[in-house]
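Every value quoted in this text rests on a predicted model; they were computed, and no experiment measured them. Quick note: numbers below take in every heavy atom, side chains included, and nothing from hydrogens, waters or symmetry partners.
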Amino acid sequence: QMQLVESGGGLVQAGGSLRLSCAASGRTFSYYAMGWFRQAPGKEREFVAAISWNSGSTYYADSVKGRFTISRDNAKNTVYLQMNSLKPEDTAAYYCAADGTAAQRMRVASVDYWGQGTQVTVSS
């Protein structure tokens, strides 16, 4: 089992920034592609960003390209999501994910482990 614990969510005004962190334990962190998903009330969970095990490749949803940056530190077993130029439509619960397959193919169905989620609320 792998445990994932997110932090860094909160309330921010439109145009502001937040940095989410996800600390992993219990499995070899560097074996997994890591990602972030989000889920707004009444909507399905959707892909936000993913990063390969060695940080060599990153992938983003079109809605966040150019505004969000995913990164990881394998020495600290932590993955990050830097979110800039936040919009009200970014409001959602954000979930950290670990996937034993390729980051490029990360989907809800392919995720092996989930965090408990952290709420991000962007006010207009």
Side-chain angles (χ1 to χ4, degrees):
Q1 290 291 325
M2 175 182 278
Q3 291 75 44
L4 302 172
V5 179
E6 301 99 333
S7 60
L11 173 64
V12 64
Q13 288 188 334
S17 299
L18 282 174
R19 188 193 196 202
L20 305 183
S21 299
C22 172
S25 62
R27 288 277 188 173
T28 304
F29 181 71
S30 60
Y31 285 178
Y32 289 83
M34 298 297 296
W36 290 91
F37 290 72
R38 66 187 182 186
Q39 187 168 18
K43 296 188 176 181
E44 294 186 351
R45 191 168 297 188
E46 64 176 6
F47 170 79
V48 175
I51 187 167
S52 62
W53 69 274
N54 63 350
S55 303
S57 299
T58 56
Y59 305 91
Y60 297 93
D62 288 343
S63 59
V64 307
K65 277 181 183 176
R67 300 188 298 121
F68 290 11
T69 302
I70 189 170
S71 61
R72 66 189 293 166
D73 185 338
N74 286 351
K76 296 182 178 180
N77 289 352
T78 302
V79 61
Y80 306 96
L81 185 68
Q82 177 66 44
M83 305 186 295
N84 298 329
S85 302
L86 282 161
K87 304 175 181 180
E89 52 263 43
D90 294 318
T91 295
Y94 282 70
Y95 296 89
C96 178
D99 189 330
T101 61
Q104 185 176 10
R105 294 189 291 273
M106 189 176 294
R107 305 286 185 270
V108 169
S110 68
V111 170
D112 295 302
Y113 301 102
W114 293 99
Q116 83 288 352
T118 186
Q119 180 66 35
V120 172
T121 303
V122 184
S123 63
S124 57

**Request:** Please answer whether the main-chain N or O of R19 pairs with a side-chain N or O of Q82 as donor and acceptor at a distance below 3.5 Å.
**Result:** no
**Message:** Taking the basic N atoms (NZ, or NE/NH1/NH2) and the acidic carboxylate oxygens, is any pair closer than 4.0 Å for D90 and K87?
**Reply:** no
**Request:** Drop me the distance from T91's OG1 to Q119's CD, to the nearest 0.5 angstrom.
**Result:** 7.0 Å
**Item:** Spacing of CG belonging to D112 relative to OG1 belonging to T101, to within rounding of 0.5 Å
**Value:** 7.0 Å
**Item:** Residue Q104 excluded, over 12 heavy atoms near CD under 6.0 Å
**Value:** no
**Prompt:** Side chains of S30 and N74: donor-acceptor distance under 3.5 Å anywhere?
**Reply:** no
**Item:** Geometric cation-pi criterion, R45 with Y95: 6.0 Å, 45°
**Value:** yes
**Message:** I'd like to check V64 versus R38 (side-chain heavy atoms, cut-off strictly below 4.5 Å). Are they in contact?
**Reply:** yes
**Prompt:** L4 and W114: which non-hydrogen atoms are nearest, and at how many Å?
**Reply:** CD1-C, 3.9 Å
**Shortest non-hydrogen contact from S21 toward W36** = O-CH2, 3.7 Å
**Prompt:** With the threshold set at 4.0 Å, does a side-chain nitrogen-carboxylate oxygen contact exist between R105 and D99?
**Reply:** no
**Complete:** dist M2:CE -> N77:CG (nearest 0.5 Å) comes out at 7.5 Å
**Asked** At what distance, to the nearest 0.5 angstrom, does OG of S124 lie from CD of Q13?
**Response** 9.5 Å
**Message:** Hydrophobic cluster membership, with links at side-chain heavy-atom distances under 4.5 Å among I/L/V/M/F/W/Y: are V79 and Y60 in one?
**Reply:** yes
**Complete:** In this structure, CG of L20 is separated from OG1 of T78 (nearest 0.5 Å) by 12.5 Å
